Visitor: 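Quick one: structure below, then a few questions.
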Amino acid sequence: MAGMALSLRSRSRLAPSLLVFPWLPAARRGEGAQVLRRAAAPSTVRPTWPAAPPLWRPHCTAATEESTPAAPDPLAHLRQNPWEYLDSEEYIERYGEIPIWKDYRRNHKGGIPPQKTRKTCIRGSNVCSNPCPACRDPKIIMDFKNIRLLQQFICPHQGIVFDPSLTGLCQRQHKNLLAAIKKAQDYGLLLIELPLLAEPATPEDFTNAHGAVSLTPPPPHCAGGSPGDPWYPWYAWRQPPARDVEKLRGLYKGFLKKDRQ
């Protein structure tokens, strides 16, 4: 116990730099002790804290002179009335009386054009070099109320929608076109074309005109024929024309069994 007390007294007599910074070399222990004294000394400078925000804020604030109003959207009017652009002088000067996709040609590598159009022409703020007819003009809006524009993509004879490989529309705009046409037909703005069959001069029931869709005939041996006869007449053997036989013989000359022998 006496030895332990002696060791504690000897440690307490050591310099504070040796106790706090025992790993530093002897030349730098004084610098460490000086830093420690400065940190322990009371500071006379009061810290400055940022001002606290108010507990409540008014919902409406008066407009300042520095705040500038947002720029108006030039296409806001066309989004409400998209058909007015087709009557404007700009549209007539640019397209005339032809559809908007008639003079469009897509850039591609090689002499064979791609079978499918691109997925989209606009990705974020990036626009491709040769956008489709609907993406190159921002005033062209696929809307179900823009009937004259939708009719440009519908065949007037068959009533089917033209394929994007013909019109050049990207897949995104073609999907918007189909949705607009479907909605216009639901609202009664576009007619639904159905195929019509011309009525023959002599009315005939086409559903039972052919033997394959009529009543099953009786077996050949019951109808006065032999058991080896075919059940239906179109299964019977028919001699082909001699001209066609000679043509095939000349085409496959050297490959027939008779010619090989």
Side-chain angles (χ1 to χ4, degrees), residues 57-196:
R57 293 183 180 179
H59 295 286
C60 300
T61 56
T64 58
E65 297 180 357
E66 298 179 357
S67 62
T68 57
D73 187 6
L75 303 179
H77 179 65
L78 290 178
R79 289 193 179 94
Q80 297 294 333
N81 305 321
W83 59 86
E84 293 184 359
Y85 176 60
L86 276 69
D87 298 330
S88 62
E89 297 181 358
E90 179 183 358
Y91 177 86
I92 297 175
E93 182 181 357
R94 184 170 184 177
Y95 301 104
E97 299 296 333
I98 63 176
I100 62 174
W101 53 269
K102 201 69 174 180
D103 58 346
Y104 174 77
R105 295 296 181 272
R106 180 184 172 184
N107 298 337
H108 56 84
K109 294 182 178 180
I112 301 176
Q115 296 182 0
K116 293 184 179 181
T117 57
R118 59 174 66 93
K119 293 184 178 180
T120 180
C121 302
I122 303 174
R123 298 181 183 274
S125 59
N126 300 327
V127 184
C128 63
S129 60
N130 187 21
C132 69
C135 293
R136 65 182 177 182
D137 192 351
K139 297 182 180 181
I140 296 294
I141 301 175
M142 296 294 178
D143 193 86
F144 74 99
K145 296 175 290 185
N146 201 354
I147 304 302
R148 291 172 53 190
L149 178 64
L150 300 181
Q151 288 176 346
Q152 296 181 6
F153 298 90
I154 302 176
C155 179
H157 307 288
Q158 300 179 350
I160 60 176
V161 182
F162 291 128
D163 193 78
S165 60
L166 175 63
T167 59
L169 291 178
C170 61
Q171 299 297 326
R172 182 180 181 182
Q173 289 291 348
H174 186 70
K175 185 181 293 184
N176 296 340
L177 173 67
L178 296 179
I181 292 177
K182 178 63 176 177
K183 191 173 182 179
Q185 291 176 350
D186 293 343
Y187 277 69
L189 302 178
L190 277 178
L191 298 178
I192 301 177
E193 299 289 342
L194 297 176
L196 299 177

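Here the structure is a predicted model, which means the values were calculated and not measured. Sequence positions, counted from 1, serve as the residue numbers for this chain.
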Visitor: Identify the heavy atoms of Q80 and K145 that sit nearest to each other, and give their distance.
Guide: O-NZ, 3.5 Å
Visitor: Do N130 side-chain atoms and H108 backbone N/O form a donor-acceptor pair below 3.5 Å?
Guide: no
Visitor: Supply the atom-to-atom distance N146 CG to N81 CG, rounded to the nearest 0.5 angstrom.
Guide: 10.0 Å
Visitor: Can you give me the closest heavy-atom contact between G124 and I122, atom names plus distance?
Guide: O-CG2, 3.6 Å
Visitor: How many angstroms lie between SG in C128 and CZ in R136, if you round to the nearest 0.5 Å?
Guide: 11.5 Å
Visitor: What pair of heavy atoms forms the shortest contact from T120 to R123, and how long is it?
Guide: CG2-CZ, 3.7 Å
Visitor: Please lay out, stage by stage, how D143 and W83 fare under the test side-chain contact (heavy atoms from CB on, under 4.5 Å).
Guide: CA-CA 9 Å; D143 193 86; W83 59 86; 5.7 Å; no
Visitor: Answer yes or no: are there more than 12 heavy-atom neighbours, outside L191 itself, under 6.0 Å from its atom CG?
Guide: no
Visitor: Between atom CG of L75 and atom OH of Y85, what is the distance when rounded to the nearest 0.5 Å?
Guide: 10.0 Å
Visitor: Is there any ring pair (Phe, Tyr, Trp, His ring centres under 6.0 Å) pair reaching into residues 114-134, and which pairs are they, with sequence neighbours excluded?
Guide: none
Visitor: When rounded to the nearest 0.5 angstrom, what distance separates CG in L166 from NZ in K102?
Guide: 7.0 Å
Visitor: Are there over 12 heavy-atom neighbours, none belonging to R172, within less than 6.0 Å of that residue's CZ?
Guide: no
Visitor: Of all the heavy-atom pairs spanning C121 and C170, show the shortest one and how long it is.
Guide: SG-CB, 3.8 Å
Visitor: Could you grab the distance from atom CG of L177 to atom CE of M142, nearest 0.5 Å is fine?
Guide: 5.0 Å
Visitor: In Å, rounded to the nearest 0.5 Å, how long is the span from OH of Y95 to CD of E90?
Guide: 8.5 Å
Visitor: Show me the donor-acceptor pairs within less than 3.5 Å that the side chains of residues 148-162 make with the rest of the protein, sequence neighbours left out.
Guide:
residue : atom : partner : partner atom : Å
R148    : NH1  : D87     : OD1          : 2.4
Q152    : OE1  : I100    : N            : 3.1
Q152    : NE2  : Y91     : OH           : 3.0

Visitor: Which residues satisfy the ring-ring contact (aromatic ring centres under 6.0 Å, His included) test with Y104, sequence neighbours excluded?
Guide: none
Visitor: How close do L169 and C132 get, heavy atom to heavy atom, and via which atoms?
Guide: CA-CB, 3.9 Å
Visitor: Looking only at non-hydrogen atoms, find the nearest pair between I92 and L86 and report the distance.
Guide: CG1-O, 4.4 Å
Visitor: Evaluate the side-chain proximity of D137 to R94: yes if any heavy-atom separation is below 4.5 Å, no if none is.
Guide: yes
